[in-house]
Amino acid sequence: MSRSAGTAELATAEDTIALGATLGAGLRAGDVVVLSGPLGAGKTVLAKGIAQAMDVDGPVVSPTFVLARVHRARQPDRPAMVHVDMYRLLDHPGADLLGELDALDLDTDLDDAVVVVEWGEGLAERLSEHHLDIRIERNTETDTRTVIWQWSAP
Ligand SMILES: Nc1ncnc2c1ncn2[C@@H]1O[C@H](COP(=O)(O)OP(=O)(O)OP(=O)(O)O)[C@@H](O)[C@H]1O
Ligand SMILES: [Mg+2]
């Protein structure tokens with residue numbers, strides 16, 4: 001199901017990591033993953049699963065106080081994962097994500113990496129034709145998560 005669309009009901013954070021790993025296994029250099037959903041939905045947890053499948057250096061933690069972190073592949077010739085959190089840019093609707101990332105001097109060409117963006121809806125899609133949109137909803141009564149994902153292009 002690597003490039004398919006789908007939906008899942010996830011009871012635990014472990015389930016979310018597993019879904020992230022399944023989706024992460026289908027990612028290639030140049031792909032962008034746009035993670036959306038409210039505070040505490042599980043965006044960072046899902047990014048951990050993606051990192052697991054991509055076999056990149058950890059730990060994947062919330063990058064809230066930095067715009068982005070680079071997690072390098074452990075295997076040669078595999079893409080790095082660039083983990084971006086745009087929460088602080090939400091107050092700046094005209095923000096130029098690419099410009100901000102360039103300014104960080106990440107020492108990684110974004111075309112050679114998989115870019116995983118929390119709070120990126122509306123901005124991060126511009127980074128690539130091929131983006132995977134993942135939306136996580138928190139069901140407050142049951143504390144489970146509903147995840148809906150879809151690729152923008154095959
Ligand atoms: N099914 C689930 N999937 C994901 N996280 C879950 C689930 N059930 C409980 N949790 C808990 O919810 C929290 C999700 O936190 P996480 O940091 O991933 O959210 P986030 O969407 O990245 O938040 P933020 O908007 O602050 O970045 C974790 O503490 C996790 O253990
Ligand atoms: Mg987060």
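The figures that follow rest on heavy atoms only: side chains count, while hydrogens, waters and symmetry mates do not. Atoms within a ligand are numbered from 1 in the order they appear, just like the ligands themselves.
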Can you find an N or O of Thr16 that's nearer than 3.5 Å to an N or O of ligand 1?
yes

Restricting to N, O or S, what is the name of the atom of Glu118 that lies nearest the Mg ion (ligand 2)?
OE1

Under 4.0 angstrom from ligand 1, any heavy atom of Pro38?
yes

Using non-hydrogen atoms of the residue, decide whether Gly37 is closer than 4.0 angstrom to ligand 1.
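So Gly37 does not count as touching ligand 1.
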
Does the side chain of [X] reach to within under 4.5 Å of the side chain of [Y], using non-hydrogen atoms?
X      : Y      : answer
Val70  : Arg72  : yes
Leu19  : Asp15  : no
Glu137 : Pro38  : yes
Asp133 : Glu121 : no

Residue-level breakdown please: for Trp119 versus ligand 1, do any non-hydrogen atoms fall below 4.0 Å on the side chain, on the backbone, on both, or on neither?
side chain

Contact partition for Leu39 relative to ligand 1, non-hydrogen atoms under 4.0 Å:
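Leu39 to ligand 1: contacts from backbone and side chain alike.
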
Please identify which atoms of ligand 1 are closer than 4.0 Å to at least one heavy atom of Leu10.
1 (N)

Which of the atoms in ligand 1, numbered in the order shown and given with their element, are less than 4.0 Å from a heavy-atom of Ala11?
1 (N)

With sequence neighbours excluded, tell me which residues meet side chain to side chain contact (heavy atoms under 4.5 Å, CB included) with Asp112.
Asp109

Closest heavy-atom pair and its distance - Pro79, Ala113
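Of all heavy-atom pairs spanning Pro79 and Ala113, the closest is CB-CA, 4.1 Å.
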
N/O/S atom of Ser62 under 2.8 Å from the Mg ion (ligand 2), yes or no?
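Looking at Ser62, which is the residue asked about, there is no N, O or S atom under 2.8 Å from the Mg ion (ligand 2).
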
Is Asp85 close enough to the Mg ion (ligand 2) that one of its N, O or S atoms comes in under 2.8 Å?
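It does not: Asp85 brings no N, O or S atom closer than 2.8 Å to the Mg ion (ligand 2).
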
Pairs touching residues 142-152 that satisfy salt bridge (charged side-chain N to carboxylate O under 4.0 Å, His left out), sequence neighbours left out:
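Listed by first then second residue: Arg138-Asp143, Asp143-Arg145.
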
With distance as the sole test, does Lys48 use its side chain to make a donor-acceptor pair with the main-chain N or O of Val60 at under 3.5 Å?
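The answer is yes, because a donor-acceptor pair under 3.5 Å joins these two groups.
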
Heavy atoms only: which of [options] lies closest to [atom]?
atom                    : options                     : answer
atom 10 (N) of ligand 1 : Arg145, Glu9, Arg138, Glu14 : Arg145
atom 19 (O) of ligand 1 : Ala13, Gly42, Gly20         : Gly42
atom 1 (N) of ligand 1  : Leu46, Thr144, Thr12        : Thr12

Mind checking the CG-CD spacing from Leu123 to Glu100? Nearest 0.5 Å is all I need.
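Between Leu123 CG and Glu100 CD, I get 10.0 Å after rounding to 0.5 Å.
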
